[in-house]
Amino acid sequence: MTRPAVLRRPSRPDLFWTICTSALIVQLVVLITYSWYLYRRFDLLEDFAHNAQAWYLIAHGHVSPLDTIRLPTTPFLRDHFDLVMWPLSLLHFISGSPFSLLVVQDVAVVVAELITMRWIWSLLGVRLDRHRTPAAFLALVVLMANAWWYETVSFDVHLTPLGLPLLVAVGYCLSRGWWVRAGVAAAACALFGAVVTELLLFVGIGSLITLAVRRPASRRGIMTALAISAAAAAWVLAVTGAGANQASNLASQYSYLVSDNGHAGTFALLSGIFHHPVRALNMIGHRAHAVVRPLITSGLAGILSPIGLLVAVSTLIPAALAISPSFSSVNDSFQTLPVVPFLLVGDAIVLLRLGEWASRSRSRSRSRSRAPGSEAVARRRLNRSALIWGMACLLAAAAVVQDERLVIHLRQTWWTVSPSAAVALHTGLDKAPASAEVISSNGVIGRFSQRRYAYPLQLSPQTVPVKATHVILVIASAGNEALTTTQVAADVRFARNQLHAREVSHAEGVTTFQWNAPSGQRNVTFP
């Protein structure tokens, strides 16, 4: 006689993960809506144009597209060897709009947050007997409130946030002992270019140190982390040696570190820092506020953990050493975004270690309090657990306050294209067939880049190649524009009076023209 099947009641969903997942879904909807707002307003710059042009050309059969957005024209692969743009180009068959790239970035940001919370939850489960859920909620608030996420999605599309979920997954899998998954995630990181792979090197080293000091140590885990670090280093050296990492701008941004401004290769720069540390320290001193700012927004304490320290150093120090202050600015937060998840994980590691120390110290104190004459020692014993909770809440409060100040900065930097200017830009875009060349102001060039020839106006004066008979000129002071209004006005007069271009649309800070280039004209110089 067979026994009847026992119907088991499904387990109740965990309160924290129900709220956490719901909050992240809401955040994703908000981010996609925000990205759509930026897209509709044409508030997209050179970096979006750079990636959207390659995405468009690959989808239209150009296996090795040329990047005309960043002059001089070079193959797109030489930027950072960003192989992921080839599989991403398949999205063009689902939606012909490059808005899908913004959606992918929004999804990547939320997935990175989700993996970070899974990592923190696993740490809390192993080392925290009580108060696991309140601690996780505190971490979730600090993570989701971080202004770096919102600054990143405000500024175009970049490979660092796209590859960040895989970087966090590598660290998480290594911490959980999932060696094969860690290796697969690490291999996928190579698709996202040299910058992501450089960060993978330090994630591997940080994980290697953490696994080496763990008791009992895992030999397989140590070997996996070591292999990931070595493979990442070899990949970066190979890409750099092949000249496919030119967007790192070593020569223009770091040549001052080399004696007599000589060759600015990777090893030369490292040698220059070693022989002339004062130069590097002076530059870091000038950028100290910019270096500390992302640390505060992520809790600061994580800098004392191996994974938090190494990711912070590998991210913040190169940004601070660059000649251009934009590398470490809030506007270019995508450059330093990896600090956010890894430092928050480091916060959890450090505070949990302190909690373990407090627990052991309390146990020893209780043992001594049972001995005769030890009542005074027991009365003087501090509640170290309360102090650690207070420290965690204080760090969280400081992070949220700093985030609030930085979110206000969003309105001062982005969302600068007015509705009337967006209408004028849309009219100009409608008049620009795919075969036409576009010459556009840098602050609004993003949506005009879906064509073979698109050039930004970034300098004054500037010579731009003429590759097509039909040319669309988009001259604007709207958007996050680097040229002054005086320079923009001079370009408008030049297009109207010298080129005799026909005005297509005009609105607040925006003028678009159609220009039929004379036969045989190879370039045009704007004043």
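Heavy atoms only: backbone and side chains are in, while hydrogens, waters and symmetry mates are out. Keep in mind that this is a model prediction, so the values were computed, not measured.
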Expected output: side-chain Arg287 to main-chain Leu321 donor-acceptor under 3.5 Å: no
Residue list, side-chain hydrogen bond (donor to acceptor under 3.5 Å, both in side chains) with Asn516, at least two apart or on another chain: none
Side chains of Ile284 and Ile317 in contact at under 4.5 Å (non-hydrogen atoms): yes
Spatial distance of atom OG (Ser298) from atom CG (Leu343) [nearest 0.5 Å]: 5.0 Å
Side chain to side chain donor-acceptor pair (under 3.5 Å): pairs with one or both residues in residues 517-527, sequence neighbours excluded: Thr463-Thr525
Residues forming a ring-ring contact (aromatic ring centres under 6.0 Å, His included) with Trp515, sequence neighbours excluded: none
Glu508 atom CD, over 12 foreign heavy atoms within 6.0 Å: no
Closest contact, heavy atoms only, Leu200 versus Cys189: CD2-CB, 4.0 Å
Side-chain heavy atoms of Phe81 within contact of Val236, under 4.5 Å: no
Side-chain donor-acceptor distances from residues 161-170 under 3.5 Å, at least two apart:
none

Flag, side chain of Thr68 to backbone of Ala454, donor-acceptor distance under 3.5 Å: yes
Under the salt bridge (Lys or Arg N to Asp or Glu O under 4.0 Å) test, residues paired with Glu481 that sit two or more places apart: none
Under 3.5 Å donor-acceptor, Gln462 side chain and Pro456 backbone: yes
Sequence neighbours excluded, every pair satisfying side chain to side chain donor-acceptor pair (under 3.5 Å) that has a member inside residues 81-101: Tyr39-Ser97
Student check: side-chain heavy atoms of Trp149 and Leu337 closer than 4.5 Å: yes
Short side-chain to backbone donor-acceptor contact, Ser328 and Ala320, under 3.5 Å: no
Residue pairs, two or more places apart or on separate chains, that pass side chain to side chain donor-acceptor pair (under 3.5 Å) and touch residues 151-160: Tyr34-Ser154, Asp47-His158, Glu151-His409, Glu151-Trp414, Thr152-Ser333
Minimum-distance pair of heavy atoms, taken over all atoms of Asp79 and Arg70: OD1-NH1, 2.6 Å
Expected output: side-chain Asp67 to main-chain His50 donor-acceptor under 3.5 Å: no
Atom of Asn51, atom of Leu159 and distance for their closest heavy-atom approach: OD1-CD2, 3.6 Å
Rounded distance [0.5 Å steps], CD1 in Ile25 versus OG1 in Thr21: 6.5 Å
Close side-chain approach of Ile472 to Gln514, heavy-atom, < 4.5 Å: yes
Heavy-atom side-chain contact between Val510 and Val444 under 4.5 Å: no
Beyond-backbone contact of Leu310 with Phe342, side-chain heavy atoms, under 4.5 angstrom: no
Identified side chain to side chain contact (heavy atoms under 4.5 Å, CB included) partner of Val339 from the options Leu295, Ile303, Val291: Leu295
Pairwise distance CE(Met85) to CG(Leu191) - rounded to 0.5 angstrom: 11.5 Å
Thr297 backbone acceptor or donor facing Asn146 side chain under 3.5 Å: yes
Which residues share a side-chain contact (heavy atoms from CB on, under 4.5 Å) with Thr336, sequence neighbours left out: Trp148, Thr315, Leu316, Ala319
Asp430/His426 under side-chain hydrogen bond (donor to acceptor under 3.5 Å, both in side chains): CA gap, chis, key distance, verdict: CA-CA 6 Å; Asp430 287 341; His426 202 285; 3.3 Å; yes
Non-hydrogen side-chain atoms of Leu83 and Leu77 separated by less than 4.5 Å: yes
Sub-4.5 Å side-chain heavy-atom contact between Val492 and Phe513: yes
Distance, nearest 0.5 Å, that separates CG of Leu101 from CG of Leu91: 7.0 Å
For Ser420, all residues meeting side-chain hydrogen bond (donor to acceptor under 3.5 Å, both in side chains), sequence neighbours excluded: Ser418
Any pair counted as side chain to side chain donor-acceptor pair (under 3.5 Å), so long as it reaches residues 482-496, sequence neighbours left out: Thr484-Gln487, Arg496-Glu503
Separation between CD1 of Ile69 and CZ of Phe48, rounded to the nearest 0.5 Å: 11.0 Å
Whether Glu437 side chain and Lys467 backbone form a donor-acceptor pair below 3.5 Å: yes
Steps toward side-chain contact (heavy atoms from CB on, under 4.5 Å) verdict (Leu143, Met117): CA-CA 9 Å; Leu143 182 68; Met117 287 311 307; 3.7 Å; yes
Qualifying residue, where the test is side chain to side chain contact (heavy atoms under 4.5 Å, CB included) with Val417 and the options are Asp43, Leu44, Leu38: Asp43
Residues that Arg40 engages under salt bridge (Lys or Arg N to Asp or Glu O under 4.0 Å), provided they are two or more places apart: none
Nearest non-hydrogen partners of Pro419 and Arg41, listed with the distance: CG-NH2, 3.3 Å
Qualifying ring-ring contact (aromatic ring centres under 6.0 Å, His included) pairs with a residue from residues 440-495, counting only residues at least two apart or across chains: Phe42-Phe448, Phe494-Phe526
Heavy-atom closest pair, residues Ile475 and Ala495: CD1-CB, 4.0 Å
Stepwise side-chain contact (heavy atoms from CB on, under 4.5 Å) check, Trp235 with Val239: CA-CA 6 Å; Trp235 182 258; Val239 169; 3.7 Å; yes
Spacing of CD1 belonging to Ile115 relative to OH belonging to Tyr172, to within rounding of 0.5 Å: 9.0 Å
Val504 to Gly428 - nearest heavy-atom pair and separation: CG1-CA, 4.4 Å
